[in-house]
Novice: 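My structure is below; once you've seen it, I'll send some questions.
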Amino acid sequence: MVANSSEKTAVSPSGRASSRGSSTSQKQATPKRSADLEKADSKVILPKSPSDDDPYKHLPEREAEILKKQVYTPDVKVGIAMLYRYASRNDRIIMAVSALAAIASGAALPLMTIIFGNLQGTFQGYFQFQISYDDFVKELGTLVLYFVYLAIGEFVCTYVATVGFIYTGEHVSAKIREHYLESCLRQNSGFFDKLGAGEVTTRITADTNLIQDGISEKVGLTLAAVATFVTAFIIAFISFWKLALILLSTVVALMLCMGGGSRFIVKYSKQNVSAYAEGGSIAEEVISSVRNAVAFGTQDRLAKQYDVHLTRAEFFGFKLKSVLGVMIACMMLILYLNYGLAFWMGSRFLVDGEVALSKVLIVMMAVMLGAFNLGNVAPNMQAFTTAVGAAAKIYSTIDRISPIDPSSDDGAKMEDVKGTIRLEKIKHIYPSRPEVVVMEGVTLDIPAGKVTALVGASGSGKSTIVGLVERFYSPIEGTVYLDGVDISTLNLRWLRQQIALVSQEPTLFSTTIYNNIRHGLIGTKWENEDKEKQDALIFEAAKKANAHNFVSELPEGYETNVGERGFLLSGGQKQRIAIARAIVSDPKILLLDEATSALDTKSEGVVQAALEAASEGRTTITIAHRLSTIKDAHNIVVMAQGRIVEQGTHDELLEKRGAYFNLVTAQAIAAVNELTAEEEDAMNKEEEFLIRKSSTRNRQPDSGRASGAYAEDPDDDIAAKLARSTTQKSASSMALAGRKSETPKKYSLGTLIKLIASFNRQEWKIMFLGLIFSTLCGLGNPTQAVFFAKLISVMSVPLNAETIPTIQSETSFWCLMYLMLAFVQFISFTCNGILFAKCSERLIHRVRDRSFRTMLRQDVEFFDHDENSAGALTSFLSTETTHVAGLSGSTLGTLLMVTSTLVSACALALALGWKLALVCIATMPVVIGCGFFRFWMLAHYQRRSKRAYAGSASFASEAITAIRTVASLTREDDVLRQYKESLAAQQRESIKSVAKSSLLYAASQSFMFLAFALGFWYGGTLIAKFEYDMFQFFVVFSAVIFGAQSAGSVFSFAPDMGKAAEAARTLKTLFDRKPIIDTWSSEGNNVAAVDGSIEFRDVHFRYPTRPEQPVLRGLNLTISPGQYVALVGASGCGKSTTIALLERFYDPLAGGIFIDGKEISSLNVNEYRSFIALVSQEPTLYQGTIKENILLGAPHDITDEQIVFACQEANIYEFILSLPDGFNTVVGSKGALLSGGQKQRIAIARALVRDPKILLLDEATSALDSESEHVVQAALDKAAKGRTTIAVAHRLSTIQKADIIYVFDQGRIVEQGTHSELMRKNGRYAELVNLQSLQKH
């Protein structure tokens, strides 16, 4: 237990235990070893208190300075002008032109009011016989032509402004993206430790999109809106200042309404988002560990927890949508009141002879236009402030000067490197964890051309040495020398080119294997050689790294694309490519950071052989957890807690019987019999033969079958394939062929609407009321047209003593009608908004709840598909479900509103003047289309800019996530070059699409005027013939044209129906998917009790997502009740699959699994699972307290005593009591506040609380270091007593005591027996043991 001296001895539990009422005396009676175990791994991870501003204040001045420099980021003050920091001269010219165009397009709108007013004046003059017929027609023609000119001008200006601003926005934000990535690649590692690669990638994706949003078309829109506002008021004040001044009150009212409303909207939306965020993180935790929820049958309880947050989110969502509804209602109220006020005051000025009616109209319409356009500025303002905020973050990174900058040319370059490294009196602290001193006073010589190995418990400072040699960090004290020169004086890029690093998790980039290996040549003299020379180097490196054979066997050979992060290759294959990349440039120094720890024994052997070949004749520093990999090192350095404990060769250190000896014994395995040299030789030969799985191309006819243990690809050898028509191979294949694949069904819109309506069935009364109010809202416009026309015809009577009283009384009456209409509309819109808010929030709540439950109902196979990853499903729950509201009642209400407006307007117009009505109705589609397309295009621009950059963003984030790999390969310039190219390509594409789509937007802005022109021209000709009077003309014109206009703009409030249909389709597919293993069904026989005898009979299985890959082929095993059974074998041989099949996550393709003689697929799945407990490799804890987490294991209510007992069994009780809050300690998201060993023990307690008959342990200790492993292993041994236990283990030392060990290979069992029997057999198991053992050789 020397390892015990490592980092975990902070809290001694026994000190506090007695005060909690458990007597201390019995504690001392327990044997010494277990007491040690109880103390081990009991360090409490304390949450930091936010009050500590300066984390470095406990350090001496000089040290704090060095650390601060590594993480310090300047705060950059950003103003709007700063957004354009990277604009070129051309950009500035284009922006100036676009700005002028935008201002012109905005100013054109109010000019329409002048034409409108003058036309009314012309009509009035003609009716009062002040103008002759010819003059009238001529005047009418000129004014109508003005409309056409306006339309053309508006089209051109809008087009130029939109295209210009979007182009410069793209260009400038692309420049920002480039500079940002460039700056990130320059930063030192400490910067990323503090930020996290995730945050950097969000910035390069989301934040740059926000900046682009703030400097693209929205600038043009804002300029246009401001120009409209200014021009409108100038026109109004010039026309008649008194009335304009009075109507300014409208603007104030609108501002108050919008300002007040948006305050509440922001407040409630924040609360709504945060309430949902908590629910979302629960959902994410549950889905990412879905096997756990399924195994413990906790789906329902977790769904209830999720529902609590949904209820809160619904409450705030309802408030949010209600406020929005009231705000729209207020705008309607102000609109109609403004009409009333304008006509009433206008009539008084008219009667006093101060002003003509045409001027009143001009002032009234101009003020309306100006006021409502000012409302368009507010949402854009938000985009600008967000952009400035985002830019501040991004510029602060761009302006940061990296203390360790790989792109600088400073520093010396040595001519001839030998490769001797010396660390002298090194003290090191990571800038992100200033409270931990990682290394103290380390002095170490690493001779040139020799292998030096570093070993020690995790956290002892091994990897730190690698980080210091690569200069990822600067030490606080001391120096690192290369050939006697201080490395901080050398050029950083040159230094890294002398060193090759192979790390624990090999990072490959998503390009071909060939290019991945070629990355190793960057910065060397071969970087720009011709292809033949490079090919030779690359193939040579691949051969050395043992990779050439398997790469050549791939269908595309070296041109195989490895996919994102190398998903398509196994761990061992990736690692070998990474080694080839490391040695291709023939580096002087090779650093191996646990290069084989993530591999199983068999792949490890292959990779280890490759590493040994690679390290010949180079200075090699290797770090290993598995000591078997470093027996042959020239010097082994044992580290503990940042100091060197001892060093020497393997044999010397074993003589000393010190720390190394202890580490060895901790990992050693009882090997019963030594092999003779001949046997060893024979085994090695056979093994080499297996490793070089002979490829078809050079296979001799007879040796083909000899590699029996290795499955060949059946397609390689056609002759054999024909001979084997009826083997097990076909059993699986035939069974799979019988399973039909899931084809996406096509659903009609009707089905989808039915589905969504079913969620709102209980609210049908509310919906019905809401629809009535919607209809009322829609009738407002045509009613207002009648009032409008009445007032114009009343007020255009010639003025004289008789007519004045009539004019006054009539106008007062119609203005009061406006007042009444304003309040009716206010009430209708308010009720409509609130009722539908209730419905749609209920809908979203129910949809989320049911979707989550349905997701948890699915079998595990569902979650294996790529499109159902935790991230995808969580974002589906948070975003897609809200889109569904777009097909619910509120959309129905909107459509009803539009329909009632259009139907009543057309009916009214046709009744009063059918000729003009028909002409105006013909323009309706254009007018409505304009309103609709205007909003649709604006939304389209936003979607497009997000989509366009997804590709390059994922490239950048791939580079940033693997920043250390990029840095150690000095790939910075290469990454940047590719990124620039992909950005440029996207810009070319997007400018084409914008040039096209802006035509539609410009048309939607300008065709309005053409409709006006047609209406006035035809109406004018009818008036000229005295067929219509003024009342008829204005009713028909304003009912149809303004009605259509308002109908078009209603679409802006309507949620996106396309998205809604898409979301509903996804939901329907999800709800209709009935899993094969259905936890909702009550089918299957009941299970009263289980003895625990298990049998697999000829089981065949392949994962549904990878049907070409056979996993189990004819597995037979029997386990009697109460046995402790271990499953061992190379990775991918079917051990974990066996566990998954026992939990019935999947059903086998052929064969059966029997428990107590009953086949498990015939039993009720929930009852069956209640007798099984699973402890997996990654323990999953959910947010909440320790007690809540343990209770999740219990299938029914249990007493506190049972919990305590389970905790004692799991070796965690003492630790829980030592925490300040005991069982009520909150574990943090995913158990982040506990160490790995502590989490694992809580997971064991959770498994034991259900008192299972069968305990399944899937590599329960593989993710821990050796010390925590001891503690957890002891807990597992305790837990296994009296139960049928099945354990899967990588580390064979953990399962020596098993009653029976089954050795798997290629999905079958090749050996079985106890440890010593199997060792005597000297077969596959003995081979695995020897591979892992650390015998003195």
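We count residues from 1, following the sequence as given. Just so we're clear, the structure is a prediction, and the values are computed from it rather than from any experiment.
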Novice: Quiz question: by atom type and distance under 3.5 Å, do the side chains of Tyr1103 and Thr1137 form a donor-acceptor pair?
Specialist: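 Distance-only check passes for Tyr1103 and Thr1137.
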Novice: Just by distance, do the side chain of Arg496 and the backbone of Glu470 share a donor-acceptor pair under 3.5 Å?
Specialist: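 At least one qualifying donor-acceptor pair exists.
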Novice: Please answer whether the main-chain N or O of Arg422 pairs with a side-chain N or O of Asp445 as donor and acceptor at a distance below 3.5 Å.
Specialist: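 Pair absent, no side-chain N/O of Asp445 close to backbone of Arg422.
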Novice: Without hydrogens or angle criteria, can the side chains of Tyr558 and Thr560 be said to hold a donor-acceptor pair below 3.5 Å?
Specialist: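 Their side chains do not contain a donor-acceptor pair, so the 3.5 Å distance test is not met.
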Novice: Describe, in one word, how the ring planes of Phe955 and Tyr979 are oriented to each other, choosing from parallel (under 30°), tilted (30 to 60°) and perpendicular (over 60°).
Specialist: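 Judged by the thresholds at 30° and 60°, the geometry between Phe955 and Tyr979 is parallel.
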Novice: Do the side-chain N and O atoms of Asp535 and Tyr514 include a donor-acceptor pair separated by under 3.5 angstrom?
Specialist: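 Result is yes, a qualifying pair exists.
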Novice: Is Arg971 positioned over the aromatic face of Phe509, cation under 6.0 angstrom from the ring centre and no more than 45 degrees off axis?
Specialist: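 Yes - Arg971 lies over the ring of Phe509, closer than 6.0 Å to its centre and within 45° of its axis.
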Novice: Consider only side-chain N and O atoms of Thr464 and Tyr473, and report whether a donor and an acceptor are under 3.5 Å apart.
Specialist: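 Distance-only check fails for Thr464 and Tyr473.
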Novice: For Arg493, check salt bridge (Lys or Arg N to Asp or Glu O under 4.0 Å) against everything at least two apart and list the hits.
Specialist: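 Testing Arg493 for salt bridge (Lys or Arg N to Asp or Glu O under 4.0 Å), a comparison that skips the adjacent residues, returns Glu972, Asp973.
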Novice: Quick one: do Lys462 and Asp593 satisfy salt bridge (charged side-chain N to carboxylate O under 4.0 Å, His left out)? Show the steps, please.
Specialist: CA-CA 9 Å; Lys462 307 184 297 284; Asp593 187 354; over 6 Å; no
Novice: Answer yes or no: is there an ion pair linking Arg977 with Glu981, defined by an N-O contact shorter than 4.0 Å?
Specialist: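 Salt bridge present between Arg977 and Glu981.
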Novice: According to salt bridge (Lys or Arg N to Asp or Glu O under 4.0 Å), who are the partners of Lys418, at least two apart in sequence or on a separate chain?
Specialist: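 Listed in chain order: Asp416.
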Novice: I'd like to know if the side chain of Lys1135 reaches the main chain of Gly1129, judged simply by a donor and an acceptor atom lying under 3.5 Å from each other, with no hydrogens or angles considered.
Specialist: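 Yes, because the side chain of Lys1135 sits within donor-acceptor range (under 3.5 Å) of the backbone of Gly1129.
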Novice: Under the 3.5 angstrom rule, does the side chain of Asp483 hit a backbone N or O of Gly419 as a donor-acceptor pair?
Specialist: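 Checked: pair present.
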Novice: Could you tell me which residues satisfy salt bridge (Lys or Arg N to Asp or Glu O under 4.0 Å) with Asp486, sequence neighbours excluded, listed by chain and number?
Specialist: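 Asp486: no salt bridge (Lys or Arg N to Asp or Glu O under 4.0 Å) contacts found.
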